[in-house]
Amino acid sequence: MKILFAASEAAPFARTGGLGDVAGALPQALSRLVHDIRLIMPLYRAVDVKRHRLGEVARGLEVPAAVGSQKVDVLEGRLSSGAPVYFVRHDRSFDRDGLYQAPSGDDYPDNAERYALFCRATLEACRALGFQPDVVHVHDWQTALIPVYLKTLLRGDPFLEGIATVFTIHNLGYQGLFGPEILPRLGLHRELFTPAGIEFYGQVNLLKGGLLFADLLTTVSPRYSREIRTPELGHGLDGVLRQRSGDLFGILNGIDPEEWNPAIDRHIAARYTAADLSGKAVCKKDLQRRFRLPERAEVPVLGVVSRLAGQKGLDLLRDIMVDVMSLNLQLVLLGSGEKALEAAFLQAATQHPSKLGVTIGFDIPLSHQIEAGADLFLMPSRYEPCGLNQMYSLAYGTIPVVRATGGLDDTIVTFDPATGRGNGFKFDEATAAALLQSIMQALALFSQKARWGRVVANAMAGNFTWDRSAREYEQLYRHSLATRGRS
Ligand code: ADP
Ligand code: GLC
């Protein structure tokens, strides 16, 4: 099978969150299943052309776009598995400081046009490169126009006809909403702008386009695939998702063992395995030093690495900071996002300098150092399609404390001292009190050496690699070929 992955970010080239991890790792796992799998993404300023040895494979490709046609170039690189990665170069759209937002935190005002251009360019690049995929696998609103274009504007195109599409929802909370005036600039016909089409309360909803026009839909955990069909977590699209229930599948993400593996991780102070955890103690000391906290092995260190967005529930942590700081623990937090939350955590750190360390920013080495050096990892998410950090934490023997939602619920089982089973701590209510209670429960276990050893061993024994998920995607691709053209 020939598969094209189209994504707006992918590790190791450019990433802002979990989508990038997935788009970089899943194609590699799929290429091990002997597929011709290729990836395409925009050439952002953040992509290091020299380091990744990218070379031009197409120049001056004409792409019909918002204002007349635009010329794009295509560069090619490789994933470490050898799978080709194409980069669409259109400097006016992508040679910018951020991927989706200016450094001020504001979305770029022309995001609809930028990603519409990327979607059209992706299809034109296939034509120019003579690569005719069986399936195009698209991700989130940025690439949702690919199935829309294939089924509307480009229907009947002899080269593109017959391509099946799979659309993966990584986060229903980001829908790509734009004013109706955008329609003609996306090349879309006004007749699509109805409640049964891509209209959504008076706006154009690009994600909805993907939900309506892709042959099959997936999301990144089984529980989230059920949750998004309910009004509580459907973000207004639960009706559409219920309509397409028969075509919607939940496949859990995996982790990339080359990137997130304490036995080989180059970012951390010492390597370690489940059989010999002495390196983890070195990492803990190193982490305490980095955050200028007292280097004490017996004090539990709690870690957070997260976007600071409402979804992540870190306001709950902020609300109990005084109580948390009264406990015998240390807390280190790395994140960026909502300015008010950033300010609240920074201020708390100045009040509790010997217990709380806060770094605002996006720092990949530090994210690994926290995963390795912390004892516990907090994810109090209001909703979480999958979540990768709880799986990274398990691999690093760092015990997750999570809210029972989405992929967090699918991957974490509360430790039961009676049976010795479980890999973390989980709470139900999205309240500060429930989070605090769960933290206290985890701290109580931390002080019981033998039981703590058991939960760490259970965590590290979990197997969340991509291979199992890749096989599920493979089956789905076959299924999409059978169902294409039906929706
Ligand atoms: P989401 O995609 O919703 O942000 P995930 O848990 O799926 O959540 O993935 C988040 C990814 O982004 C992880 O790889 C995490 O380590 C990384 N990440 C999040 N915030 C930061 C940060 N401030 N610095 C470095 N990496 C971060
Ligand atoms: C999204 C979700 C996160 C998921 C990631 C990768 O950003 O918020 O839960 O793990 O995508 O699928």
Side-chain angles (χ1 to χ4, degrees), residues 5 7-12 14-26 46 99-100 137-143 167-175 207 218-225 227-228 233 235 250-256 259-261 265 267-268 303-314 332-338 341-342 345 357-372 374 377-396 398 400 402-403 405-412 464 466 469 473:
F5 250 65
S8 57
E9 58 177 85
R15 76 167 162 111
T16 65
L19 166 62
D21 296 40
V22 173
L26 176 56
L99 271 55
Y100 317 119
H137 186 167
V138 305
H139 303 264
D140 281 355
W141 71 264
Q142 291 91 338
T143 45
F167 178 47
T168 295
I169 307 157
H170 292 265
N171 195 331
L172 203 60
Y174 299 84
Q175 303 185 349
L207 185 121
T218 77
T219 189
V220 287
S221 70
R223 175 157 173 177
Y224 194 60
S225 79
E227 289 171 338
I228 54 180
L233 288 177
H235 293 269
I251 302 179
L252 197 68
N253 286 333
I255 70 176
D256 181 349
E259 274 299 310
W260 293 97
N261 178 352
D265 192 328
H267 296 300
I268 63 178
V304 175
V305 178
S306 185
R307 288 186 292 116
L308 300 179
Q311 171 199 348
K312 302 293 179 182
L314 288 164
V332 296
L333 178 145
L334 166 65
S336 62
E338 285 171 17
L341 267 182
E342 291 182 354
F345 286 123
V358 172
T359 297
I360 300 300
F362 193 87
D363 184 334
I364 290 175
L366 189 57
S367 69
H368 287 246
Q369 288 146 11
I370 293 176
E371 286 292 5
F377 195 92
L378 305 183
M379 294 181 78
S381 305
R382 290 213 153 67
Y383 74 93
E384 195 61 76
C386 178
L388 295 169
N389 283 107
Q390 83 280 16
M391 295 195 268
Y392 301 155
S393 297
L394 293 173
Y396 284 71
T398 302
V402 307
R403 171 140 187 273
T405 184
L408 296 175
D409 194 37
D410 285 336
T411 50
I412 303 302
F464 291 105
W466 273 107
S469 315
Y473 278 108

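Counting starts at 1 for both ligands and their atoms, in listed order.
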Ligand 2 contacted by Gly387 (non-hydrogen, < 4.0 Å) | yes
Distance from atom 15 (C) of ligand 1 to nearest protein heavy atom, with residue and atom = Asn389 OD1, 3.2 Å
Relative to ligand 2, is Asn253 under 4.0 angstrom through side chain, backbone, both or neither, heavy atoms considered?
-> side chain
Less than 6.0 Å separating the ring centroids of His368 and Tyr392?
-> no
Write out the residue and atom name of the closest protein heavy atom to atom 20 (N) of ligand 1, then the distance separating them to 0.1 Å.
-> Ser306 C, 3.6 Å
From the options Ile370, Leu334, Val332, select the one residue that forms a side chain to side chain contact (heavy atoms under 4.5 Å, CB included) with Thr359.
-> Leu334
Under-4.0 Å heavy-atom contact with ligand 1, by part of Pro385 that carries it = neither
How far is atom 3 (C) of ligand 2 from its nearest protein heavy atom, and which residue and atom name does that atom have?
-> Glu384 OE2, 3.4 Å
Please work out which of the three classes, parallel, tilted or perpendicular, describes the rings of Trp260 and Tyr396, given edges at 30° and 60°.
-> perpendicular
Without swapping roles, check the side chain of Gln175 against the backbone of His235 for a donor-acceptor pair under 3.5 Å.
-> yes
At what distance is the nearest protein heavy atom to atom 2 (O) of ligand 1, and which residue and atom is it?
-> Gly18 N, 2.6 Å
Among all protein non-hydrogen atoms, which one is nearest to atom 4 (O) of ligand 1, and what is the separation to 0.1 Å?
-> Arg307 NE, 2.7 Å
So which heavy atom in the protein is nearest atom 8 (O) of ligand 2, and how far is it from that ligand atom?
-> Gln311 NE2, 3.1 Å
Classify the contact between Asp21 and ligand 1 as side chain, backbone, both or neither, using a heavy-atom distance cut-off of under 4.0 Å.
-> side chain
For Phe377 and Gln390, run side chain to side chain contact (heavy atoms under 4.5 Å, CB included): C-alpha distance rounded to whole Å, both residues' side-chain angles, the deciding distance at 0.1 Å, then the answer.
-> CA-CA 7 Å; Phe377 195 92; Gln390 83 280 16; 5.9 Å; no
Heavy atom of Gly335 under 4.0 Å from ligand 1?
-> yes
Of all the atoms in ligand 2, which lie at a distance below 4.0 Å from a heavy atom belonging to Val22?
-> 6 (C), 12 (O)
Less than 4.5 Å apart, any side-chain heavy atom of Leu252 and any of Thr411?
-> yes
Side-chain donor-acceptor contact under 3.5 Å, Ser8 with Tyr100 | yes
Among protein heavy atoms, which lies nearest atom 1 (C) of ligand 2, and at what distance?
-> His170 O, 3.0 Å
Identify the closest protein heavy atom to atom 23 (N) of ligand 1: which residue and atom is it, and at what distance?
-> Gly361 O, 2.7 Å
Where on Arg15 is there a heavy atom closer than 4.0 Å to ligand 1, on the side chain, on the backbone, on both, or on neither?
-> side chain
Nearest neighbour in protein (non-hydrogen) for atom 24 (N) of ligand 1 = Asp363 N, 3.0 Å
Close-contact set for ligand 2 against Pro385 heavy atoms, below 4.0 Å = 2 (C), 8 (O), 9 (O)
With a cut-off of 4.0 Å, which atoms of ligand 1 are near a heavy atom of Leu388?
-> 5 (P), 6 (O), 7 (O), 9 (O)
Do ligand 2 and Val220 have nitrogen or oxygen atoms that lie under 3.5 Å from each other?
-> no
Atom 22 (C) of ligand 1 - nearest protein heavy atom and its distance = Phe362 CD1, 3.4 Å
Is there a heavy atom of Lys312 sitting under 4.0 angstrom from any atom of ligand 1?
-> yes
